[in-house]
Amino acid sequence: MKILVTGGLGFIGSHTVVELQNSGYEVVIIDDCSNSSENVLEGIFAITGKRPVYEKIDLREKEKVGDFFTRHADIMGTIHFAASKAVGESVEKPLHYYENNLSTLIYLLKEITAKKRQSFIFSSSCTVYGQADKMPITEDAPVKMAESPYGNTKQIGEEIIKDTCKVNSGLQAISLRYFNPMGAHPSAEIGELPIGVPQNLVPFITQTGIGLREQLSVFGDDYPTPDGTCIRDYIHVVDLAKAHVVALERLLKGENPENYEVYNVGTGQGSSVLEVIASFERVSGKKLNYSIVERRPGDITTAYADTKKANEVLGWKACSTLDQAMKSAWDWEQKIRN
Ligand code: UD1
């Protein structure tokens with residue numbers, strides 16, 4: 001069965017392509033390589049022994065999207081990762097984010113709803129909850145006012161899909177709200193490749209560990225948490241990738257009573273920044289050079305998932321520990337730098 005993965009050369013996308021191929025799906029990737037590289041195809045091939053079909057398309061080019069679906073009329077499902085994802089950049093370039101993350105979603109949905117029955121998985125984020133009032137965060141926690149255009153594109157994206165599902169019974173869709181993805185494939189053939197200075201904690205840690213950055217800045221130690229640093233739910237990217245496959249299969253098998261659903265994808269475990277650093281030091285055997293600095297504007301104190309819905313309804317559970325995820329991130333960092 002043929003599945004389209006947009007952004008399939010990116011961090012989460014490439015790991016999901018691997019899991020789809022390992023589950024027997026025929027994958028077609030669309031990527032514009034704006035934040036990824038065609039070399040990732042070699043990594044996917046090294047792991048799975050299969051080469052996915054790949055087309056370099058910018059999804060903002062509406063005609064090309066139409067032409068793609070004409071040529072691949074047998075696509076049964078789409079997993080839509082392609083989007084810009086840097087929170088700070090989205091504040092600087094709001095129109096780029098709204099255009100890149102939302103017009104592309106609309107063009108895809110226009111093509112997809114023209115077909116009879118289609119499954120659609122959307123990359124959403126726990127950012128939609130803002131600072132939730134209760135931990136762990138359940139899916140029915142209120143969606144808070146977005147802190148950034150990036151976060152807003154995830155909220156609006158979910159609304160666009162929900163509204164489209166209401167009037168298209170053939171469209172079966174799931175939004176997956178990711179907590180904090182980290183790590184790499186255990187083979188170290190694919191992993192995270194941030195361009196420039198990493199904005200996220202784990203790649204900054206591994207790049208500091210390898211000597212590419214001098215020091216990690218820990219953004220604040222005066223939060224109301226046990227050690228004063230922020231708490232997040234770090235999930236191994238391979239666990240996250242597997243969640244996409246089970247979500248897709250639920251839709252393909254028609255096991256979903258509603259044609260639009262939302263799931264949290266996290267471990268259910270919160271870890272502080274200092275605990276993540278300690279994990280790095282355990283798995284690498286290295287001391288990490290870090291210092292405590294001011295809080296980063298816009299950071300929330302604590303976010304970790306209630307994963308009951310995904311566990312019970314999807315039958316999916318994160319398996320990896322923080323140390324296992326960290327080891328995979330460290331193995332990958334060492335491999336790409338050597
Ligand atoms: C951010 C995005 C989220 C996105 C996620 C993964 C926001 C509000 N949320 O989450 O939508 O899905 O990235 O891409 O921006 N930290 C440091 N030093 C650093 C980097 C981070 O101390 O150099 C701390 C942060 O303060 C935070 C934690 O590490 O407490 C995690 O930060 P980060 O990896 O950037 O993810 P989030 O901000 O949680």
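Indexing begins at 1, ligand by ligand and atom by atom, following the structure's order. Predicted, not measured: the structure shown is a model, and the values here were computed from it.
Looking from atom 19 (C) of ligand 1 to the surrounding protein, the closest heavy atom is Phe219 CE1, 3.3 Å. Atom 25 (C) of ligand 1 has its closest protein heavy atom at Asp299 OD2, 3.5 Å. The protein heavy atom nearest to atom 27 (C) of ligand 1 is Arg232 NH2, 3.9 Å. The single protein non-hydrogen atom nearest to atom 34 (O) of ligand 1 is Leu201 N, 2.8 Å, given as residue, atom name and distance. Atom 7 (C) of ligand 1 has its closest protein heavy atom at Val87 CG2, 3.7 Å. For atom 24 (C) of ligand 1, the closest non-hydrogen atom on the protein side is Val273 CG2, 3.8 Å. Among all protein heavy atoms, the one lying closest to atom 37 (P) of ligand 1 is Asn180 ND2, 3.6 Å. Looking at atom 14 (O) of ligand 1, its nearest protein heavy atom turns out to be Asn200 ND2, 3.4 Å.
Within the 4.0 Å heavy-atom shell around ligand 1 one finds Gln199. The shortest heavy-atom distance from Tyr234 to ligand 1 is under 4.0 Å. Residue contacts with ligand 1 include Arg296, since one of its heavy atoms falls under 4.0 Å from the ligand. At a 4.0 Å cut-off, at least one heavy atom of Tyr150 sits close enough to ligand 1 to count as contact.
The aromatic rings of Phe280 and Trp330 sit perpendicular to each other, their planes meeting at more than 60°, with 30° as the lower class boundary. Between Phe120 and Phe122, the angle of the ring planes stays under 30°, which puts this pair in the parallel group of the 30/60° scheme.
Residues Phe69 and Glu111 share a closest heavy-atom pair of CD1-CB, 3.5 Å.
Between Asn101 and Thr153, the side chains place a donor N or O and an acceptor N or O closer than 3.5 Å (distance only, hydrogens not considered). Looking at Gln215 and Tyr290, their side chains never bring a donor and an acceptor atom within 3.5 Å of each other.
Ring centroids of His244 and Tyr263 are separated by 6.0 Å or more, keeping the two rings apart.
Applying the 4.0 Å criterion to heavy atoms of Leu216 picks out, from ligand 1, the atoms 18 (N), 19 (C), 23 (O). Ligand 1 places these atoms under 4.0 Å from at least one heavy atom of Cys230: 30 (O).
Ionic pairing of Asp163 and Lys166 is present here: one or more N-O contacts between side-chain nitrogen and carboxylate oxygen are shorter than 4.0 angstrom. Residues Arg296 and Asp299 are paired through a salt bridge, judged by an N-O separation under 4.0 Å between the basic side chain and the carboxylate.
Here CZ of Arg250 is found 6.5 Å from CG of Leu314. Values are rounded to the nearest 0.5 Å.
When Ser217, Ser271, Ser125 are ranked by how near their heavy atoms come to atom 18 (N) of ligand 1, first place goes to Ser217.
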